[in-house]
Amino acid sequence: MILVTGGAGYIGSHFVYDMIERGNEVLVVDNLDRGHLEAVHPDAKFEECDILDFESLKNVLQNYNIESIVHFAAFAYVGESVEDPKMYYTNNVVGSLNLLKAAVFKKISKFVFSSTCSVYGNPITVPISEAESTKPINPYAQSKLMIENMLRDFNTAYGLKYVALRYFNAAGADVMGRIGESHDPEPHLIPIVLQATLGKREKVYVFGNDYDTKDGTCIRDYIHIQDLADAHARALEYLESNDSDIFNLGTGDGNSVLELINAAEKITGEKINIEITGRRAGDPAVLVADNKKAKDVLGWVPKHNLNSIIESAYKWHADPKF
Ligand code: UDP
């Protein structure tokens with residue numbers, strides 16, 4: 001059985017759907033602080049448990065036959081992490097330490113970790129490969145890098161094998177519209193743009209058009225959530241017979257904020273009102289993945305593009321189930 005922490009959250013819930021559809025048994029552990037019970041696949045086992053509570057976590061692990069762990073549970077808002085770093089270091093780092101201790105205690109030796117391209121900070125070389133140095137510029141990214149470092153040391157000392165997956169911009173939704181992205185407040189561009197097309201927002205604020213990019217707006221590498229799910233499945237398989245490693249997960253293509261808004265207008269047939277405002281603190285101009293390593297080593301090939309990302313997200317936002 002696979003233990004999935006944060007399996008009621010955005011990325012975790014899509015991974016759980018994928019794994020169950022591939023015939024796996026899954027146990028979701030989530031404290032439902034930011035996750036949604038409705039997002040948990042009906043065939044998954046579910047335990048409401050906070051990974052900060054080490055005794056409860058150990059009890060849960062005693063009651064199931066867990067072979068591997070996929071760890072999504074974390075806070076993931078950059079701005080919030082700057083305002084309240086103690087909350088981020090506690091929830092993300094201490095919570096993960098508990099989980100790693102519990103894994104060692106239960107002799108679980110396969111661990112897939114949900115990391116982020118923000119560990120690279122402002123990269124020197126774009127597209128960004130795994131060889132880029134890590135220089136986090138906010139507590140959220142720092143907390144994720146600290147967890148990667150704990151994993152490295154637990155691997156050396158206790159033989160806990162891991163794969164850390166550094167995602168670029170996770171986006172889109174289940175193509176069947178069963179689950180999707182539901183954050184409150186919503187900081188991410190694609191949901192905000194689609195809410196504007198659906199009359200749920202008056203306009204979209206574009207955070208800066210004076211970057212050194214083709215149209216002056218920031219460029220990001222949007223990667224479909226089901227492509228991410230597939231990479232996690234491959235990472236688990238990889239750990240069966242390989243040592244620990246780190247992979248970037250992105251499409252290798254970048255889109256600017258204005259390109260994304262234009263694509264959403266075309267797909268939805270709605271005009272989007274925009275207002276150009278100042279830059280958002282901490283936004284690098286361009287974040288695009290060099291995904292060669294994940295392709296070569298994991299055999300991972302992203303199937304979606306910006307249009308199918310927007311189409312699936314639109315399906316969800318037009319009829320959100322939670
Ligand atoms: N963005 C924007 N307006 C918004 C939200 C985001 O212009 O209301 C921009 C943001 O500055 C960044 C890009 O859209 O360049 C993607 O932002 P998001 O928060 O979705 O992801 P991030 O890249 O911060 O992880």
Side-chain angles (χ1 to χ4, degrees), residues 9-11 34 72 74-83 88 92 114-123 126-128 136-145 165-173 180-198 200-225 228 248-265 272-289 304 306 309-310 312-314 316-317:
Y10 173 44
I11 305 177
R34 297 191 175 178
F72 295 95
F75 289 151
Y77 292 166
V78 169
E80 186 182 61
S81 79
V82 175
E83 280 158 27
Y88 271 68
N92 293 3
S114 167
S115 191
T116 166
C117 71
S118 62
V119 297
Y120 298 115
N122 288 305
V126 180
I128 307 168
I137 55 169
N138 57 65
Y140 162 64
Q142 187 66 260
S143 74
K144 289 281 178 174
L145 185 60
L165 297 173
R166 293 176 175 164
Y167 319 146
F168 283 65
N169 285 55
E181 189 168 10
S182 177
H183 295 127
D184 185 21
E186 181 55 74
H188 295 122
L189 183 63
I190 292 181
I192 287 173
V193 164
L194 293 176
Q195 285 166 0
T197 67
L198 290 159
K200 296 178 183 171
R201 281 177 198 260
E202 204 194 311
K203 58 180 148 185
V204 175
Y205 295 96
V206 174
F207 298 148
N209 66 349
D210 57 351
Y211 286 95
D212 184 15
T213 59
K214 51 192 162 187
D215 62 21
T217 64
C218 285
I219 293 180
R220 293 289 179 272
D221 183 338
Y222 296 93
I223 175 77
H224 194 278
I225 193 97
L228 285 185
N248 284 344
L249 296 180
T251 62
D253 284 327
N255 290 102
S256 74
V257 174
L258 291 180
E259 278 175 344
L260 193 149
I261 291 171
N262 285 338
E265 283 185 331
I272 299 168
N273 296 322
I274 64 167
E275 184 179 327
I276 310 285
T277 63
R279 293 181 174 195
R280 187 171 69 176
D283 267 344
V286 183
L287 290 176
V288 175
H304 289 270
L306 188 67
I309 286 173
I310 294 174
S312 63
Y314 186 57
W316 168 256
H317 287 289

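First listed ligand is number 1; within each ligand, the first listed atom is number 1. This structure is a prediction, so every number in the text was calculated from the model and none was measured.
Residues forming a salt bridge (charged side-chain N to carboxylate O under 4.0 Å, His left out) with Arg34 (at least two apart in sequence, or on another chain): Glu80. Applying the salt bridge (charged side-chain N to carboxylate O under 4.0 Å, His left out) criterion to Asp210, with sequence neighbours excluded, gives Arg279. When the salt bridge (charged side-chain N to carboxylate O under 4.0 Å, His left out) test is applied to Glu259, the partners found at least two apart in sequence or on another chain are Lys214.
When each of Asp215, Asn262, Asn209 is checked for a side-chain hydrogen bond (donor to acceptor under 3.5 Å, both in side chains) with Ser256, only Asp215 meets the rule.
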Contact table ligand 1 N or O to protein N or O, d under 3.5 Å:
residue	atom	partner	partner atom	Å
ligand 1	3 (N)	Tyr205	O	2.7
ligand 1	7 (O)	Tyr205	O	3.4
ligand 1	7 (O)	Phe207	N	2.9
ligand 1	11 (O)	Asp283	OD2	2.5
ligand 1	17 (O)	Arg280	NH2	3.4
ligand 1	19 (O)	Pro187	O	3.3
ligand 1	19 (O)	Arg280	NH1	3.3
ligand 1	19 (O)	Arg280	NH2	3.1
ligand 1	20 (O)	Leu189	N	2.8
ligand 1	21 (O)	Asn169	ND2	3.1
ligand 1	23 (O)	Asn169	ND2	2.9
ligand 1	23 (O)	Arg220	NE	2.8
ligand 1	24 (O)	Arg280	NH2	2.6

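In terms of modelled atom types and a separation under 3.5 Å, the side chain of His224 and the main chain of Ala173 share a donor-acceptor contact. At distances below 3.5 Å, not a single donor-acceptor pair connects side-chain atoms of Trp316 with backbone N or O atoms of Gly172.
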